[in-house]
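Note that the structure is predicted; figures quoted are calculated from it, not measured. These values consider heavy atoms only, across backbone and side chains, with no hydrogens, waters or symmetry-generated copies.
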Amino acid sequence: MSVWHAIAAAALFAAAPALLAGEIPPDARRSGYSFMGPDTRAMQDDDTSNPGMLFVLDGQSLWTKKSGSAEKACADCHGDARSSMKGVAARYPAFDNALSRPVTLDQRINLCRATHQQASPLPYESRDLLALSAFVAHQSRGVAITAGDDPQAKPFVAQGRDLFMQREGQLNLACTNCHDDNFDKHLAGAPITQGQPTGYPLYRLEWQTLGSLERRLRSCMSGVRAQAYDYGSPELVALELYLMSRARGLPMETPAVRP
């Protein structure tokens with residue numbers, strides 16, 4: 001978020017301090033797609049125009065590529081991703097019994113690399129990790145989100161909700177101030193959505209590349225002049241889990257396109 005976005009945010013909330021709508025009822029929750037203009041929607045809808053599909057195609061190649069000292073590919077364990085991965089991304093972040101905590105899809109990919117392929121982890125936001133995540137998530141396009149249903153994940157969902165409601169940074173704003181209280185408005189010309197993470201990793205026109213939900217969260221934190229959590233931190237994982245549970249029932253749409 002630029003300095004002008006920060007100024008606009010401060011002006012918006014200073015001018016409308018009484019607009020506190022609270023949490024959005026489940027039946028009123030909407031994908032960010034519904035807030036987009038016709039050109040952005042058309043780009044997402046057409047797989048030949050959606051730039052995020054280039055990452056999906058890269059991920060498809062990586063799926064069958066043998067890696068690590070075990071010389072194994074994802075497909076060696078999981079077979080045809082069209083069937084084995086259908087619905088998987090819709091339930092992530094998911095609770096990992098061995099670690100006693102939830103892990104994101106990116107983290108699951110790297111755990112599989114370490115355990116089954118005996119390969120080094122892929123760096124956060126690297127093209128290969130984004131490509132694999134996009135390919136796996138794409139198999140769930142149209143599948144309803146179910147993340148957060150596991151009883152073991154409930155404390156982490158609650159932690160994420162607390163973070164969503166917590167004011168932070170020099171602008172003293174919380175996620176809820178934008179995405180619960182003021183959605184359907186505009187901030188510096190851009191639509192304020194409900195923050196439903198239905199299409200990650202997604203192609204953001206501002207970035208001119210695909211990016212993860214964690215990248216978006218860190219960008220928002222920097223925008224309110226707060227210290228952003230590190231990639232993969234427990235706080236970001238909890239926040240991602242809460243956001244996915246908040247979007248429960250909405251269909252996956254990876255790779256989405258946003259401004």
Subject >> Close side-chain approach of P93 to M244, heavy-atom, < 4.5 Å >> reply: yes
Original post:
Under the side-chain hydrogen bond (donor to acceptor under 3.5 Å, both in side chains) rule, what pairs show up with a residue in residues 124-133, not counting sequence neighbours?
Top reply: D58-R127, D106-S133, Q107-Y124, E125-S212
Subject >> Nearest heavy-atom neighbours spanning Y229 and M221 >> reply: CD1-CE, 3.5 Å
**OP:** Give the cluster check for Y200 versus Y242: same hydrophobic cluster or not, with ILVMFWY residues linked at side-chain heavy-atom distances below 4.5 Å.
**Re:** yes
**OP:** Check whether any side-chain N or O of S222 sits under 3.5 Å from a backbone N or O of R218 as a donor-acceptor pair, and report yes or no.
**Re:** yes
Subject >> Minimal non-hydrogen separation, L132 against G59, with atom names >> reply: CD2-O, 3.9 Å
**OP:** For atom CD of Q208, decide whether the heavy atoms of other residues, nucleotides or ligands shown that lie under 6.0 angstrom number more than 12.
**Re:** yes
Original post:
Taking all atoms of both residues into account, what is the closest heavy-atom pair of A70 and H116, and its distance?
Top reply: CB-O, 3.5 Å
Original post:
Testing R29, R246, R161 for side chain to side chain donor-acceptor pair (under 3.5 Å) with E23, which one passes?
Top reply: R161
Original post:
Are any of the side-chain heavy atoms of L241 and F95 separated by less than 4.5 Å?
Top reply: no
Subject >> Beyond-backbone contact of L54 with Y203, side-chain heavy atoms, under 4.5 angstrom >> reply: no
Original post:
What are the two closest non-hydrogen atoms of M252 and S140, and how far apart are they?
Top reply: CB-O, 3.2 Å
Original post:
Between D150 and R91, is the closest basic N to carboxylate O distance under 4.0 Å?
Top reply: no
Original post:
Is a side-chain donor-acceptor pair under 3.5 Å present for Q196 with Q194?
Top reply: yes
**OP:** Kindly work out whether a path of hydrophobic side-chain contacts (I/L/V/M/F/W/Y, heavy atoms less than 4.5 Å apart) joins V157 to L217.
**Re:** yes
Subject >> Side-chain heavy-atom pair Q152, N97 within 4.5 angstrom cut-off >> reply: yes
Subject >> Partners meeting salt bridge (charged side-chain N to carboxylate O under 4.0 Å, His left out) with R41 (sequence neighbours left out) >> reply: none
Original post:
With no hydrogens and no angle check, is any side-chain donor or acceptor of R167 less than 3.5 Å from a backbone partner on N172?
Top reply: yes
**OP:** Taking W63 for its side chain and G79 for its backbone only, find out whether a donor-acceptor pair lies under 3.5 Å.
**Re:** yes
Subject >> Side-chain donor or acceptor of R101 paired with backbone N/O of D96 under 3.5 Å >> reply: no
Subject >> F164-F156 co-clustered via ILVMFWY side chain contacts under 4.5 Å >> reply: yes
Subject >> Sidechain-backbone polar pair: T198 side chain, E253 backbone, donor-acceptor under 3.5 Å >> reply: no
Original post:
Is the backbone N or O of I192 less than 3.5 Å from a side-chain atom of H179, with the two atoms forming a donor-acceptor pair by type?
Top reply: no
**OP:** Identify whether NZ of Lys or CZ of Arg in R30 sits under 6.0 Å from the centre of the six-membered ring of F35 and within 45° of that ring's axis.
**Re:** yes
Original post:
For the side chain of D162 and the backbone of Q159, is there at least one donor-acceptor N/O pair under 3.5 Å apart?
Top reply: no
Original post:
Backbone N or O of K66 within a donor-acceptor pair of the E71 side chain at under 3.5 Å?
Top reply: no
Subject >> Flag, side chain of E214 to backbone of G232, donor-acceptor distance under 3.5 Å >> reply: yes
Original post:
Can you tell me if T115 uses its side chain to pair, donor with acceptor, with the backbone of C112 under 3.5 Å?
Top reply: no
